[in-house]
Amino acid sequence: MQTNLRGRDFISDLDFSKEEVETILDVAWDLKRKRALGEPHPYLRDKTLAMLFFYSSTRTRSSFEAGMAQLGGHAAFIESKTTQIAHGDTEKEIGEILGRYFDGIAIRHVDWGIGNRYLNLVAEASRVPVLNMQCDIYHPHQCLADLMTIMEKKGRNLRRKKIVVSWAYAESYLKPISVPQSLILQMPRFGMDVTLAYPPEFPLMPEIVAQAQEQARRYKTHFEIIADADGMKAAFEDADVIYAKSWGPLLTTTDPEEGKRLQDKYRHWIVDNDKLSVAKDDAIYMHPLPADRDIEVTSEVLDGPHSVVFDEAENRLHVQKAVMALTMR
Ligand code: CP
């Protein structure tokens, strides 16, 4: 167990070592148990968190805000467009100034090529931890909740368990690539074999894939990529965990119209019971939500016996409380 997380930023999935992630999960389970028993746990009494959003949210905002209150502190919701950022507040000013008012700064900024850089520049100027509520490259708190959920369903020893991180069709908008990137980085460290599946125009960032492959080599796990126009069902073969969601073809084009045209070629990449039938009988279906219902995934699967999406959403609360309690004290 590694407990020295005080003052640390959490921007990339690999900012914390495997042992540190194990500590976070231990604390998260303790906090989950305490909440279930109604035991107060005010580890952050009188502490404050700034939550700066450049992009909309349901789960992330709600779980960080509820989490800070349950820890005895307060979270301030700050929407970027209601600030003076558009009028000149720089990353340095945000880091310096919010860092003097608050005990932590959490930021969601998913703009492609901008978000991660923004978080790192704020962190350079801040005297308090910067926590990533999703950027263009990573969604690390979502990934910790995913890992916690997988361990609850499959046991803490995940060696040789197969997770499929798959693209799925959505018609609503071109979604960030941060969720699949976080998953392929974090899961090999915990022994999982990763199959990454997407249509050819939807690759992830090569440097992130290389890092994930390096993690797989280090932890002696399998890492496979299926970049085939019809590869979804084949990828699901013998899977323990199906994690299928949409993301934009950002490495191929940043033009939304061209991206939509590419996306619309793959309407058949929907998770349904037929595709799920080739996975293990006890496979679980995961999605960070929101999902494009009956487009990314059928209602039958989303609401069916394999789906763990609500436990997954709940665990956002517990892991984030653990990260905040460990970094912001
Ligand atoms: N999964 C997730 O991050 O949800 P929100 O976009 O609603 O925060």
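Atoms within each ligand, like the ligands themselves, are counted from 1 in listed order.
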For residues 25-38, which side-chain N or O atoms pair as donor and acceptor with protein atoms under 3.5 Å away, sequence neighbours left out?
{"from": "D26", "atom 1": "OD1", "to": "R156", "atom 2": "NH1", "distance (Å)": "3.0"}
{"from": "D26", "atom 1": "OD1", "to": "R156", "atom 2": "NH2", "distance (Å)": "3.3"}
{"from": "W29", "atom 1": "NE1", "to": "E152", "atom 2": "OE2", "distance (Å)": "2.9"}
{"from": "D30", "atom 1": "OD1", "to": "R33", "atom 2": "NH2", "distance (Å)": "3.2"}
{"from": "D30", "atom 1": "OD1", "to": "K34", "atom 2": "NZ", "distance (Å)": "3.3"}
{"from": "D30", "atom 1": "OD2", "to": "K34", "atom 2": "NZ", "distance (Å)": "2.7"}
{"from": "K32", "atom 1": "NZ", "to": "E152", "atom 2": "OE1", "distance (Å)": "3.3"}
{"from": "K32", "atom 1": "NZ", "to": "E152", "atom 2": "OE2", "distance (Å)": "2.9"}
{"from": "K32", "atom 1": "NZ", "to": "N315", "atom 2": "OD1", "distance (Å)": "2.9"}
{"from": "K34", "atom 1": "NZ", "to": "Y43", "atom 2": "OH", "distance (Å)": "3.4"}

I'd like a table of donor-acceptor pairs (distance under 3.5 Å, sequence neighbours excluded) in which one partner is a side-chain atom from residues 198-212, with atom names and distances.
{"from": "E201", "atom 1": "OE1", "to": "Y266", "atom 2": "OH", "distance (Å)": "2.7"}
{"from": "E201", "atom 1": "OE2", "to": "K265", "atom 2": "NZ", "distance (Å)": "2.6"}
{"from": "E201", "atom 1": "OE2", "to": "Y266", "atom 2": "OH", "distance (Å)": "3.2"}

Please set out all donor-acceptor pairs under 3.5 angstrom arising from side-chain atoms of residues 67-79, sequence neighbours excluded.
{"from": "Q70", "atom 1": "OE1", "to": "K321", "atom 2": "NZ", "distance (Å)": "2.7"}
{"from": "E79", "atom 1": "OE2", "to": "K81", "atom 2": "NZ", "distance (Å)": "3.2"}

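In this structure, K153 pairs ionically with D311, as a charged nitrogen and a carboxylate oxygen lie closer than 4.0 Å. Taking 4.0 Å as the cut-off between side-chain N and carboxylate O, E296 and K175 count as a salt-bridged pair.
Among protein residues, S57, T58, R59, T60, R108, H139, Q142, P288, L289, R316 come within 4.0 Å of ligand 1, judged on heavy atoms.
Screening V297, V301, D303 for a side chain to side chain contact (heavy atoms under 4.5 Å, CB included) involving S299 leaves a single residue, D303.
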